[in-house]
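In what follows, every chain begins at residue 1, and chains take the letters A, B, ... in the order their sequences are listed. All values derive from a computational prediction rather than experimental measurement.
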Amino acid sequence: VVVDPFSKHPLQNRWALWFFKNDKSKTWQDNLRLVTKFDTVEDFWALYSHIQLASKLTSGCDYSLFKDGIEPMWEDSWNKRGGRWLITLAKQQRHTELDRFWLETLLCLIGEMFSDYSDEVCGAVINIRAKGDKIAIWTREAENRDGVIHIGRIYKEHLGLSSKVVIGYQAHADTATKSGSLMKNKFVV
Amino acid sequence: GTRIIYDRKFLMECRNSP
């Protein structure tokens, strides 16, 4: 086998990185910008090393990585029946675990580490917030129990979370209509 | 069709290759 040192390793999907910056003088959609798209492992690393680490972003900013053609919002037809595995971090974890968790999340996505259930994945979002940062993997169908649970288990394993830590999956339809304290997990792992 | 899957180790190695 001859390995061409100049060839890049193709990804199963083309991915789009989005950046959101909270500017109250603009609409939500105007604050959301497509940064770039990539479809090789090498181009992913070139992008990752070029952009600011999530922990260095100011509060109110988000990064989103979604499959090409899916916009990082509930309203997108690929997302509207779906939901998210949500990781909420304590304030001090921004300095200890946030960047590592986000990188592991990105690697799970681009490496298609959920095997055949990877088709269920739409993307991932990181929210940088003063009250506590959040990372989530979004999937397309909240009723697809087997797929959602499999993704949750593999995700938790890759983050290196202990079996004592419980993470929850919430349907976007519920998140959109209920306030934080009423938020109900559809599944937990 | 076949799915292109990469494990964490491989992806991290690609980061460090020239």
Please state whether the side chain, the backbone, both or neither of A:Leu11 comes within less than 4.5 Å of a heavy atom of chain B.
->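 Both backbone and side chain of A:Leu11 come within 4.5 Å of chain B.
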Tell me, for A:Asp116 versus chain B, whether the close heavy atoms (under 4.5 Å) come from the side chain, the backbone, both or neither.
->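 Its backbone and side chain both get close to chain B.
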May I ask you to decide whether [X] forms a salt bridge with [Y], counting only side-chain N to carboxylate O separations under 4.0 Å?
| X | Y | answer |
| --- | --- | --- |
| A:Lys186 | A:Asp174 | no |
| A:Glu42 | A:Lys8 | no |
| A:Asp99 | A:Lys56 | no |

Identify the residues of residues 127-156 of chain A whose heavy atoms come closer than 4.5 Å to a heavy atom of chain B, ordered by number, or report 'none'.
->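 Expected list: none.
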Leading residue by heavy atom contact count with chain B [cutoff under 4.5 Å; candidates A:Ser115, A:Ser118, A:Gly111, A:Cys108] =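 Of the candidates given, the most pairs with chain B belong to A:Gly111.
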Pairwise side-chain contact, [X] with [Y], heavy-atom cut-off 4.5 Å (strictly under):
| X | Y | result |
| --- | --- | --- |
| A:Phe20 | A:Asn22 | yes |
| B:Leu11 | A:Met113 | yes |
| A:Val41 | B:Arg15 | no |

Mind checking the CZ-CG spacing from A:Phe44 to A:Leu109? Nearest 0.5 Å is all I need.
->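 One finds 9.5 Å between CZ of A:Phe44 and CG of A:Leu109.
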